[in-house]
Protein chains: 2
Amino acid sequence: MSSESVTIYDIASEAGVSIATVSRVLRGEANVSEATRKKVQDVIDRRNYRPSSIARGLTSKTTHSLGIILPKLLNPHYAMIFTGAQEEARKLGYTMSLFPWSSLDTREYNPAAMLAERRLDGLIVCVEYLPPDHDVQVLSALHDLRQYMPVVLIGCVPPSYDFPAITNNSAAMMQEVVRYLTGLGHERIAFIGGVEEDRDPLRRDVGYENGLKDARLPYTASYRIYCKGTTEAGSAALNQMLDSLKPEYWPTAVIALNDLVAMGCMAAARDRGLSIPDQLSVIGCDNLFCAPYLYPPLTSINTYQQRTGARAVQLLISGENKQETADWELVERASCARLKP
Amino acid sequence: MSSESVTIYDIASEAGVSIATVSRVLRGEANVSEATRKKVQDVIDRRNYRPSSIARGLTSKTTHSLGIILPKLLNPHYAMIFTGAQEEARKLGYTMSLFPWSSLDTREYNPAAMLAERRLDGLIVCVEYLPPDHDVQVLSALHDLRQYMPVVLIGCVPPSYDFPAITNNSAAMMQEVVRYLTGLGHERIAFIGGVEEDRDPLRRDVGYENGLKDARLPYTASYRIYCKGTTEAGSAALNQMLDSLKPEYWPTAVIALNDLVAMGCMAAARDRGLSIPDQLSVIGCDNLFCAPYLYPPLTSINTYQQRTGARAVQLLISGENKQETADWELVERASCARLKP
DNA sequence: CTTTATACTGTAAGCGCTATCATAAACAAG
DNA sequence: CTTGTTTATGATAGCGCTTACAGTATAAAG
């Protein structure tokens, strides 16, 4: 906020050298005599000079800044991804900017223009589901962006889009979760949350059904409810399911799309006087920080989101065009119990 | 990722005009005939041209990007601040980058250099407490940054630092909380979390003590424990307090620095078989998204963090040098109850 | 004491824009 | 018709760096 910012010329003239020499010491180049290096460095320190990364960027064609697009930072799941990505970026000398999903929404003011104009060195996009058909422009916006910068995806990659990505093996996770619940004796297992099968490239439905098949259990449509990944939606969905079923057909266990939905289910169950896990087991996904502090502590799936974020940055920087799968781990707490006969 | 990026020269020559004219239509300047405007715009669209914001920044001295420094995005409290700030920034055409607190830590590699080099148009810094004495360099780093860009503070402003800021009226909040609890009949009220008085410019201690004074209750040192603002620290602190006191002197209510600490306290209490709120009332602060879903739902204080973040951006952009106080509101849930005689 | 590396250091041409002039064309007024 | 205005456009000088490329000493070699 002070006077005029000091430039490389100021340093050069004050040190009695050319700007090229200043640039050399700035970048720690070899061919500079120790004497002048010190002389120049002293002036730099004294004037508190910092080279402008933007001027630097003009020539070097690189901004050392990355971007990340995600749906909602208020969901700690994304905050974890962001944090992992941000920390890794920082280690590598990059800066990380956040863009909300609407940045890709073509119907809004200037679609991806803002993104394209900032010459980012790379972009991470968290895509959870395929957008509805009438919204394919979002996908094409995504595609266009690649013209300007490398992008890596986190979550899922739309079919026929060949992006580097970190995805979750959600089908396997679902299958394992069903196995876990059937192992506890459950037979009426509900799955709440998410979108229709054809919009979920992660094929959770396949895992769910395979899990049931493994235990020779039938797939029951009324145990499957689609809803958004929020607590409110989770409550509403469970209520709707229980309302539509006679109590003797109520599920004894529910798999929630994520921990938020699980929290909603737990609240709804409690409001109805159902005790968890005695009358209803609940399992979530994401292993949010609050999962251990819920009542009862929520069994969930740790998907190592920070590691995922960090890995995405590595892919971005290294330029590798490969798709990897994130690790995951079922973490048992008290929200699931053996079915009482 | 494609060939070479297209520049203003490409557009100019392809449209048969000078770069000055292209620049004019780019910026929607007046003095361009409708005919050439269309001609140029067509080429721009066809070539999918986006002006480089970095080249633009070199001349205009403005990057249209802001930064925010905060301790930990994983605490939803900060995620809310960030979200509010980010959304407001976006509305105003700015981009928002996150920097972790260590960006200010001089002992690390290059102190605030990274920040200074990116010619941000402004910086928001969340500072909760004064750093320990031996860490005053952090404060001076903060001060130095003002040489490069305007900064506004969120949280508290260190004495003798004249920054624009949004602060919380924490003393008043504390006093009101104590009043609320004494109103419920509590007399042994603990306060857990935070730092020593002389490092807390928000003077929570004053509010706490005034609240006690209002009810003619004595201040009891053993009801005051300092700890970090995490769930683990909250658990440990409550356990420590209860361990050191005979049960008949145990507090009947605890005020937690924030919801994380409150969650920790609730978990610790439950582990000891104390029922909340019957045997121990708990109140938090920040009103995190999970507060209503805890058991029992946590009474807390909504401090409108998103609004705070947005307002900080407004101060930054407008350049007003004023300090404002955030609104707040006690939101009653089930974790505090009238003391049973 | 020339010749030829070797080690520094300076000159100058951009990078892709914005912004200031200058110029040209088209009109209005005298 | 001049002269003065207005409107549309082009030339051009930076912005603050990086980066060939071009010197100029100084040292090693012949």
Side-chain angles (χ1 to χ4, degrees), chain A residues 3-41 43-44 47-65 113-114 116-121 148-149, chain B residues 3-41 43-44 47-65 113-114 116-121 148-149:
Chain A
S3 49
E4 273 313 285
S5 71
V6 14
T7 76
I8 199 173
Y9 286 96
D10 301 324
I11 305 302
S13 73
E14 188 161 335
V17 299
S18 72
I19 61 167
T21 299
V22 176
S23 177
R24 283 186 192 102
V25 349
L26 240 33
R27 285 168 303 124
E29 231 179 60
N31 290 335
V32 184
S33 75
E34 197 43 52
T36 54
R37 152 160 287 125
K38 181 172 184 333
K39 187 171 57 177
V40 172
Q41 188 62 54
V43 179
I44 288 177
R47 300 294 306 271
N48 204 4
Y49 165 70
R50 305 280 175 228
S52 154
S53 69
I54 107 125
R56 188 171 266 180
L58 229 205
T59 27
S60 66
K61 300 290 206 183
T62 168
T63 55
H64 274 261
S65 63
M114 192 175 189
E117 291 178 7
R118 329 226 146 224
R119 303 289 204 253
L120 301 175
D121 284 352
Y148 298 99
M149 61 194 80
Chain B
S3 50
E4 274 312 285
S5 72
V6 13
T7 76
I8 199 173
Y9 286 95
D10 300 324
I11 304 302
S13 73
E14 188 161 333
V17 297
S18 73
I19 61 165
T21 299
V22 176
S23 177
R24 283 186 191 103
V25 350
L26 240 33
R27 286 169 302 125
E29 231 179 59
N31 288 337
V32 184
S33 76
E34 195 44 50
T36 54
R37 154 160 284 125
K38 181 175 184 331
K39 187 171 56 179
V40 171
Q41 189 61 53
V43 179
I44 289 177
R47 299 293 306 273
N48 205 5
Y49 165 72
R50 305 277 175 231
S52 153
S53 70
I54 106 126
R56 189 173 265 178
L58 230 207
T59 25
S60 68
K61 301 291 205 182
T62 167
T63 55
H64 275 261
S65 62
M114 191 177 191
E117 290 179 7
R118 326 225 147 227
R119 303 290 203 250
L120 300 175
D121 284 354
Y148 298 99
M149 61 195 79

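For the numbers below, each heavy atom of this structure counts, side chains included, while hydrogens, waters and symmetry mates do not. Per chain, numbering begins at 1; letters A, B, ... match sequence-line order. Keep in mind that what you see is a predicted model, and the values were worked out from it rather than measured.
Checking the phosphate oxygens (OP1, OP2) of D/dT7, no side-chain nitrogen or oxygen of B/Ser33 falls inside 4.0 Å. Contact annotation: B/Thr59 does not reach the phosphate of C/dA19 (side-chain N/O to OP1 or OP2, under 4.0 Å). Under 4.0 angstrom from either OP1 or OP2 of D/dT9 there lies no side-chain N or O belonging to B/Thr21. Residue A/Ser60 places no side-chain N or O under 4.0 Å from the OP1 or OP2 atom of D/dT18.
Out of D/dG16, C/dG16, D/dA20, the shortest distance to the side chain of A/Arg24 is found at D/dA20. Between C/dC17, D/dT18, D/dG10, one nucleotide has an atom nearer to the side chain of A/Arg27 than all others, and that is D/dT18.
When every heavy atom of A/His64 is checked against every heavy atom of A/Asp121, the shortest pair comes out as N-OD2, 2.7 Å. The shortest non-hydrogen separation linking A/Asp10 to A/Thr7 is OD2-N, 2.7 Å. For B/Ser18 against B/Ala12, the heavy-atom pair with the smallest separation is C-CB, 3.8 Å.
Atom CG of B/Leu26 is separated from atom P of C/dT18 by 6 Å (rounded to the nearest Å). Atom CZ of B/Arg56 and atom C1' of C/dA19 are 13 Å apart (whole Å). Atom CG of A/Asn31 and atom P of D/dC21 are 16 Å apart (whole Å). Across the protein-nucleic acid pair, B/Leu58 atom CG and C/dG14 atom C1' stand 12 Å apart, rounded to whole Å. The distance between atom CD1 of B/Ile44 and atom P of C/dC17, rounded to the nearest whole Å, is 10 Å. Atom CD1 of B/Ile54 is separated from atom C1' of D/dC17 by 10 Å (rounded to the nearest Å). The separation between B/His64 atom NE2 and C/dT18 atom P is 11 Å, rounded to whole Å. Atom NZ in B/Lys61 sits about 19 Å away from atom P in C/dG16, given to the nearest Å.
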Show your working on side-chain contact (heavy atoms from CB on, under 4.5 Å) between A/Tyr148 and B/Asn48 and close with a plain yes or no.
-> CA-CA 10 Å; A/Tyr148 298 99; B/Asn48 205 5; 3.4 Å; yes
Mind running side-chain contact (heavy atoms from CB on, under 4.5 Å) on A/Arg50 and B/Arg119 for me, showing each step along the way?
-> CA-CA 10 Å; A/Arg50 305 280 175 228; B/Arg119 303 290 203 250; 4.2 Å; yes
Between B/Arg27 and B/Ser23, does a side chain to side chain donor-acceptor pair (under 3.5 Å) hold up when you go through it step by step?
-> CA-CA 6 Å; B/Arg27 286 169 302 125; B/Ser23 177; 3.0 Å; yes
Take A/Val22 and A/Tyr9 through the side-chain contact (heavy atoms from CB on, under 4.5 Å) test and state the conclusion after the steps.
-> CA-CA 9 Å; A/Val22 176; A/Tyr9 286 96; over 6 Å; no
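Here A/Ser65 contributes atom OG and A/Met149 contributes atom CE; the two are 9.0 Å apart, rounded to the nearest 0.5 Å. From A/Thr21, atom OG1 reaches atom CZ of A/Arg24 across 5.0 Å, with rounding to the nearest 0.5 Å.
Using a distance-only test at 3.5 Å, with no hydrogens or angles considered, a donor-acceptor pair links the side chain of B/Arg118 to the main chain of A/Thr63.
DNA chain D is contacted by A/Ile8, A/Tyr9, A/Ile19, A/Ala20 of residues 8-20 of chain A, taking any non-hydrogen atom closer than 4.0 Å.
Counting non-hydrogen atoms under 4.0 angstrom, B/Ser53 reaches nothing in the nucleic acid.
Axis angle across the helix from C/dC1-D/dG30 to C/dC27-D/dG4, with five pairs used at each end and values rounded to 10°: 60°.
Donor-acceptor pairing under 3.5 Å, judged by distance alone, is absent between the side chain of A/Arg119 and the base of C/dG16.
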